[in-house]
Amino acid sequence: MNTEKSRQLFKEAEKYIPGGVNSPVRAFKSVGGNPLFIKRALGSKLYDVDGNEFIDYVGSWGPHIFGHNPSFIKKALSDALENGTSFGAPTELEVKTAKLITELVPSVEMIRMVNSGTEATMSAVRVARGYTGKEKIIKFEGCYHGHADFFLIKAGSGALTLGVPTSPGVTKGNAADTLIADFNDIDSAKKLIHTNRKEIAAVIVEAIVGNMGVVKATNDFIRQLRGLCDEEKIVLIIDEVMTGFRVAKGGAQEVLGVKADLSTFGKIIGGGLPVGAFGGKKEIMEMVAPSGPVYQAGTLSGNPLAMSAGYAALCYIKDHPDLYNELEEKSAYFEKGIKENLKRLNENLTLNRVGSMLTLFFTNEEVKDFRSAVKADTKLYGQYFHEMLKRGVYLPPAQFEAFFISAAHSKEDLDKTIEANYESLQEISK
Ligand SMILES: *Cc1c(COP(=O)(O)O)cnc(C)c1O
């Protein structure tokens with residue numbers, strides 16, 4: 001595979017951009033080698049600057065549930081562009097988008113738009129603190145909630161694969177206000193809540209984790225967590241930045257049958273543009289400025305281009321209730337193919353899947369929390385990644401991430417990928 005142009009661009013990029021990228025996982029650090037520079041994408045395919053074609057399972061890290069550059073989003077964007085790119089004043093589209101989200105996600109009564117998932121989670125915590133008058137938060141080891149200071153403590157995703165569980169630049173004060181519990185272990189959360197009585201403002205959780213690879217909360221765990229938060233008057237924030245509109249129309253909350261007090265969104269909600277949002281109970285959301293005293297703002301929040309793409313995506317989801325059945329069918333077919341390969345090769349790797357999100361962990365043990373996830377052999381994943389890339393399949397360049405299947409993945413794409421999986425696993429076990 002010729003990747004000369006990508007190599008050149010990366011060399012140039014490293015001179016002007018830290019590590020050559022604008023977000024760390026893109027740099028291929030945990031799988032080795034140089035990142036590919038992408039020129040364009042359509043449907044299930046990515047095309048790099050050297051003219052190589054790949055079946056893509058990253059989907060821009062989650063947003064592209066319909067595949068790349070679908071015509072209905074392109075049309076919405078070009079229509080919006082005619083009217084102007086930003087007004088710094090309210091628009092009708094913001095009202096329609098907010099209303100639609102409250103229809104699709106039952107726990108959300110009011111919502112505020114922001115520009116990224118990080119902004120959404122950061123703001124949700126501020127609101128929870130303002131609402132409860134308490135300061136500490138609990139997060140779970142291996143969950144990733146964006147890069148606000150107080151979340152960069154035992155975080156997942158890039159923070160996990162780069163081995164920087166606590167980043168320099170995060171103050172001791174910030175670290176002290178964030179308590180860490182073990183995912184899927186209700187006793188660890190209970191213990192923290194009881195030793196910090198009346199001090200915990202919020203518990204934040206990815207109810208279906210994507211950022212230590214895919215790991216689903218057990219029904220018991222999430223129900224008991226909900227109960228604990230009710231008893232202790234703690235705001236339960238379910239971070240649906242990845243799972244919202246991905247695992248179901250109503251996100252992880254619909255799959256697990258639980259309701260958050262506040263939910264955070266991003267990725268799919270922006271239809272491929274930079275959007276985030278946080279929302280939930282009216283009583284809590286009315287704390288947000290200007291209706292309440294908790295300050296939160298954004299010059300480009302609710303941007304007309306971003307809203308038009310996001311609104312088009314959400315309307316499509318609302319009008320096509322079969323979308324999630326179709327994704328489930330494709331993803332189950334994919335899972336079955338990979339599992340048959342594993343059997344034929346006498347391999348016993350762990351595959352976790354929830355809907356169209358899945359992770360192939362390079363470990364033989366069940367993965368149900370951070371401790372079991374990090375038993376995966378990341379070196380072997382790196383070799384696997386490059387074997388798949390050689391065969392035209394673009395997987396996440398890190399073990400602790402999710403593969404995403406989109407509506408644009410054809411049976412032919414999936415079959416090719418399953419075959420590449422067989423050959424790649426065979427190659428790396430030599
Ligand atoms: C991606 C992600 C974020 C951060 O969103 P950004 O838009 O990258 O800031 C937060 N939480 C979860 C669960 C995510 O997957």
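In each ligand, atom 1 is the first atom listed, and ligand 1 is the first ligand listed. This chain uses plain numbering: 1 for the first residue, then up along the sequence. Because only heavy atoms are used, hydrogens play no part in the values below, and waters and symmetry mates are left out as well, while side chains stay in.
Nearest non-hydrogen protein atom to atom 5 (O) of ligand 1 is Gly117 CA, 3.2 Å. Scanning the protein heavy atoms around atom 14 (C) of ligand 1, the nearest turns out to be Lys267 NZ, 3.0 Å. Remark: minimum distance from atom 9 (O) of ligand 1 to any protein heavy atom is reached at Thr118 OG1, 2.6 Å. For atom 3 (C) of ligand 1, the closest heavy atom belonging to the protein is Val241 CG1, 3.6 Å.
For Ser60, the side chain to side chain contact (heavy atoms under 4.5 Å, CB included) partners are Pro63, His64, not counting sequence neighbours.
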| request: Begin with the C-alpha distance, continue with both residues' side-chain angles, and end with the deciding distance and a verdict on salt bridge (Lys or Arg N to Asp or Glu O under 4.0 Å) for Asp261 and Lys281. | output: CA-CA 6 Å; Asp261 298 313; Lys281 283 186 177 158; 2.8 Å; yes

| task | Just do the ring pair (Phe, Tyr, Trp, His ring centres under 6.0 Å) check on Phe265 and Phe278 with the steps written out, would you? | result | CA-CA 6 Å; Phe265 301 95; Phe278 63 101; over 10 Å; no

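Aromatic ring orientation, His145 versus Phe151: tilted (interplanar angle from 30° to 60°). Using a 30° and 60° split on the angle between ring planes, Phe221 and Phe140 fall in the perpendicular class, above 60°. Classification of the Phe28-Tyr394 ring pair by plane angle, with boundaries at 30° and 60°, yields tilted.
Residue Thr121 has no nitrogen or oxygen atom sitting less than 3.5 Å from a nitrogen or oxygen atom of ligand 1, judged on distance alone.
When non-hydrogen atoms are compared, ligand 1 lies under 4.0 Å from the backbone of His145 (N, CA, C, O) but not from its side chain. Counting heavy atoms under 4.0 Å from ligand 1, residue Thr243 does not touch it at all. Counting heavy atoms under 4.0 Å from ligand 1, residue His147 does not touch it at all.
Among Asn211, Thr243, Thr264, the one residue that satisfies the side-chain hydrogen bond (donor to acceptor under 3.5 Å, both in side chains) test with Glu206 is Asn211.
Within ligand 1, the atoms closer than 4.0 Å to a non-hydrogen atom of Asp239 are 10 (C), 11 (N), 12 (C), 13 (C), numbered from 1 in the order shown. Interface of Ser116 with ligand 1, defined as ligand atoms under 4.0 Å from a residue heavy atom, comprises 7 (O), 9 (O). Close approach of ligand 1 to Glu206 is summarised as follows: ligand atoms under 4.0 Å from at least one heavy atom of the residue are 13 (C).
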Going by atom type alone, with no hydrogens or angles, which donor-acceptor pairs under 3.5 Å involve a side-chain atom of residues 34-47 and a protein atom two or more places apart or on another chain?
from: Ser44; atom 1: OG; to: Asp413; atom 2: OD2; distance (Å): 2.7

